[in-house]
Amino acid sequence: MDKFRMIFQFFQSNQESFMNGICGIMALASTQMYSAFDFNCPCLPHYNLAYGLGILLVPPFILFLLGFVLNNNISMLAEEWRRPQGGRGKDPSVLRYMFCSMAQRAMIAPAVWVSVTLLDGKCITCAFCTSVPVDTLGNASHPRLSQGEIQRVLARIPCKEIYNGQQLIANEVAVRYLRCISQALGWCFVLLMTTLAFMVRSLRPCFSQAAFLKSRYWSHYIDIERKLFDETCAEHARSFAKVCIQQFFEGMSTDLVAARCHLPRKAPADAEEAAQKLLGITDQGTMNMALKSWHRCKPPLHLHPPALPTGNGWAGEGQPPTHPSAPPRETAAYYSCV
Amino acid sequence: MDRFRMIFQYFQSNSESVMNGICGLLALASVKMYTSFDFSCPCLPQYNVAYGLGIMFVPAIIFFLCGLILNRQSLVMLEEWRRPEGRRKKDLAVIRYMCSSIMQRAMVAPVVWIVVTLLDGKCLICAFSGSVDPQKFVGFANVSTVQVQQLLAKVPCKDDELMRNNTSRKAVSRYLRCWSQALGWSILLILIIAAFLARWLRPCFNQVTLLQARHWSNYIDIEQKVFEETCCEHSRLFAHKCILHFFESMQQEIKRHSFSLPREGEGAGEEEDLLRGITDQDQVNKLLKTWYYEKPPLDVS
């Protein structure tokens with residue numbers, strides 16, 4: 001139990017840091033993904049907006065969902081939410097606490113993506129280049145073009161190589177303008193997120209500290225209880241399997257002895273332990289038969305109580321001679337010697 | 001108990017160093033962010049000031065807030081401040097001490113950002129190129145007022161077609177950069193002198209109060225950590241007992257319903273103990289179903 005206790009304490013104290021670590025890794029992954037992504041503005045009037053806003057908003061949504069998927073506690077939350085009430089009431093504040101802490105962690109990577117995108121400026125430049133105020137920034141002396149023409153020219157702003165509207169509005173001027181707006185938006189977004197995080201963290205002790213302590217305790221409890229239950233079931237399954245297999249081999253050797261009807265040699269005392277481990281199977285043919293039987297006809301998941309002594313004459317340690325009613329002849333002779 | 005003692009000593013000695021480490025990391029992060037940020041002055045008359053000053057101050061506020069959020073002590077201080085008095089009086093000196101140490105640490109990264117910004121100079125050039133007196137510079141001296149504003153606003157953009165070979169642009173740029181760097185170094189000098197004086201002169205004033213405040217703020221911090229550790233330990237034991245009770249109640253129910261031969265007590269080996277009387281596929285399935293559909297009440301008395 002000491003080993004389990006150490007492991008659980010490790011998990012408990014490190015569950016939060018483990019989740020924080022995953023959070024940080026996802027944030028780094030999102031910046032890496034952005035720098036590796038080859039942004040390619042289409043430079044066509046209606047496609048620019050869709051592409052730019054798509055790149056700005058779709059990956060954060062994916063990262064948010066990924067944040068939930070990678071969080072181990074999501075299944076715990078779902079289980080606690082959907083379980084029937086039974087003998088234990090459900091506390092909605094615990095569920096809310098668990099959901100909020102998971103959502104907060106999942107929000108970090110999308111927020112990083114949106115900030116990096118806005119601070120870099122390419123997305124906003126691509127999406128809103130057709131909305132640049134040509135009257136204030138451009139040349140007023142340029143001959144009037146139709147609205148559609150102007151849109152087409154402006155749409156090429158992000159693509160410097162094919163831009164042909166230098167007389168209408170200088171490419172650098174437009175790009176600087178859009179980038180300035182994008183970076184301002186980016187910094188405002190980061191400021192907003194940080195302020196929200198600060199408020200959430202600092203207002204909590206002012207208002208609901210007692211409720212928070214309660215929810216935190218019980219959400220940790222549910223987690224630990226689930227892990228302990230899994231450990232106990234694993235322990236049980238191991239013992240079950242061990243007894244089941246032992247009984248299978250014992251059954252096999254009973255069958256063998258019944259089939260062959262030969263006197264088992266009385267094992268000398270020093271070789272008894274090794275002989276016991278062999279479980280009555282001492283040659284290749286028998287082993288092959290045992291393996292075939294294990295594959296073709298697995299024993300039922302029902303452990304019978306060890307009432308009858310095994311028939312091959314070994315006095316297994318601690319084996320009480322309780323049911324002498326139907327012993328094979330050899331067993332009776334063995335016991336009578338004792 | 002030895003293990004607990006080691007853990008607590010670790011926490012005690014390292015709470016300050018953890019906070020200092022986070023402080024240092026934030027300062028490094030601010031430098032890195034400045035170097036990787038692509039500063040792009042809009043070079044338009046109304047936008048320059050907003051952009052330049054915005055880049056100088058908004059990230060500083062963000063770093064300050066981050067410094068407060070990442071510091072665990074700020075939560076401890078807030079809890080101590082807002083708790084009901086109960087049977088333990090509140091000591092304002094302790095709260096003030098904690099507040100000042102948190103603020104000092106949180107101010108490091110913003111100051112680093114502002115100083116780096118000033119020493120680099122781009123922000124100030126962008127923000128104040130329109131406020132320079134055009135008469136001082138040959139290239140802008142004889143230009144009309146409206147046009148001079150436009151031209152001065154374009155000074156930060158070296159590659160603009162109007163500014164490409166303009167020597168006066170370089171003169172304005174150097175002038176502003178000189179002011180910016182002078183301001184940066186002055187701020188750095190003032191802050192370091194202030195920090196030096198504060199550290200040197202502190203023992204002259206109220207040393208006893210300071211020692212007491214520091215001791216009790218450490219105490220509050222450790223007490224909270226010990227409480228959390230104890231709660232973890234308690235919930236583990238609670239869960240253990242709860243599960244054992246559950247298995248026992250299942251075992252009793254099975255005995256009541258199944259009429260099977262009772263197992264020999266003396267002969268039961270270790271495996272049988274671990275099996276807790278559940279030796280059948282149906283029994284295991286029933287146990288798992290009961291665990292899901294009817295979790296036991298949270299009562300281990």
Side-chain angles (χ1 to χ4, degrees), chain A residues 5-6 8-9 12-13 79 83-84 86-89 119-121 137 170 172-173 176-177 179-180 183-184 187-188 190-191 194-195 197-198 201-202 204-206 209 217-218 220-221 224-225 228-229 232-233 235-240 242-243 300-307 318-320 322, chain B residues 3 37-38 40-44 47 50-51 54-55 58-59 61-62 65-66 68-69 74-75 78-79 81-83 157 159-161 229 231-233 235-236 238-240 242-243 247 260-261 263-264 266-267 269 271-272 274-276 278-281 284 288 291-298:
Chain A
R5 192 180 314 152
M6 268 170 55
F8 286 142
Q9 270 189 342
Q12 185 56 51
S13 62
E79 223 178 273
R83 72 170 169 93
R88 183 190 291 187
L119 290 177
D120 188 38
L137 298 177
E172 300 84 30
V173 171
R176 274 199 306 259
Y177 174 78
R179 203 174 217 187
C180 155
Q183 288 181 343
W187 283 118
C188 290
V190 176
L191 182 64
T194 315
T195 311
F198 175 72
R201 223 169 128 97
S202 50
R204 198 239 307 137
C206 301
Q209 183 68 357
Y217 179 86
W218 289 115
H220 282 166
Y221 172 82
I224 289 181
E225 191 192 47
L228 261 177
F229 184 74
T232 316
C233 282
E235 234 175 71
H236 186 271
R238 210 184 65 84
S239 309
F240 197 113
K242 200 160 163 183
V243 176
L301 288 166
H302 178 91
L303 306 178
H304 44 265
Q319 189 77 273
T322 44
Chain B
R3 192 160 35 94
F37 175 62
D38 193 7
S40 167
C41 192
C43 295
L44 296 164
Y47 292 73
Y51 186 83
I55 297 294
V58 168
I61 298 176
I62 291 171
L65 290 175
C66 277
L68 291 178
I69 291 171
S74 55
L75 267 182
L78 273 173
E79 276 167 33
W81 183 38
R82 299 299 301 174
R83 71 172 168 91
C157 298
D159 302 320
D160 191 81
E161 50 194 346
E229 282 280 332
C231 280
C232 286
E233 181 73 22
S235 71
R236 197 196 57 79
F238 197 114
H240 187 53
C242 196
I243 290 171
F247 272 84
S260 54
L261 279 169
R263 189 178 298 286
E264 288 290 325
E266 327 70 77
E271 299 297 343
E272 275 74 19
L274 288 171
L275 284 174
R276 297 176 228 267
I278 293 156
T279 52
D280 193 308
Q281 184 182 25
V284 171
L288 293 172
W291 179 254
Y292 176 69
Y293 278 103
E294 290 169 24
K295 277 221 165 64
L298 290 167

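Residue numbers start from 1 in every chain, and the chains themselves are labelled A, B, ... in the order their sequence lines are given, proteins ahead of strands.
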- Ala237(A), part contacting chain B, at a heavy-atom distance under 4.5 Å: neither
- Check the angle between the aromatic planes of Phe238(B) and Tyr221(A) and answer parallel, tilted or perpendicular using the 30° and 60° thresholds. perpendicular
- Applying disulfide bond (SG atoms under 2.5 Å apart) to Cys157(B) and not counting sequence neighbours gives Cys43(B)
- Highest number of heavy-atom pairs under 4.5 Å with chain A: which of Ile62(B), Ile61(B), Val58(B)? Ile62(B)
- Considering only heavy atoms from C-beta outward, does the side chain of Tyr51(B) approach that of Trp187(A) to under 4.5 Å? no
- Item | Which atoms of Leu65(B) approach chain A - backbone, side chain, both or neither, heavy atom under 4.5 Å | both
- Query: Once you round to the nearest 0.5 Å, how far does CH2 of Trp218(A) lie from OG of Ser235(B)?
  - Reply: 8.5 Å
- Message: Could you check whether any side-chain N or O of Gln183(A) sits under 3.5 Å from a backbone N or O of Asp38(B), counting only pairs where one atom can act as donor and the other as acceptor?
- Response: yes
- Message: Could you report the tightest heavy-atom contact between Glu225(A) and Ile243(B), atom names first, then the distance?
- Response: O-CD1, 3.6 Å
- Message: Using the salt bridge (charged side-chain N to carboxylate O under 4.0 Å, His left out) criterion, which residues pair with Arg83(B)? Sequence neighbours excluded.
- Response: Glu80(B)
- Most contacts with chain B, counted as non-hydrogen pairs under 4.5 angstrom, among Arg179(A), Arg204(A), Glu172(A), Arg176(A): Arg176(A)
- Item | Distance, nearest 0.5 Å, that separates SG of Cys232(B) from CD1 of Ile224(A) | 6.0 Å
- Query: Checking Ile69(B) against chain A: side chain, backbone, both or neither under 4.5 Å from a heavy atom?
  - Reply: both
- Task: Return the option, out of Cys180(A), Cys233(A), Ala184(A), Ser202(A), with the maximum number of heavy-atom pairs under 4.5 Å with chain B.
- Result: Cys180(A)
- Query: Given a strict heavy-atom distance threshold of 4.5 Å, which part of Leu78(B) is in contact with chain A: side chain, backbone, both, or neither?
  - Reply: both
- Query: CG/Leu44(B) to OH/Tyr177(A) distance, rounded to the nearest 0.5 angstrom?
  - Reply: 8.0 Å
- Any chance you could measure Ser40(B), atom OG, to Leu119(A), atom CG, to the nearest 0.5 Å? 12.0 Å
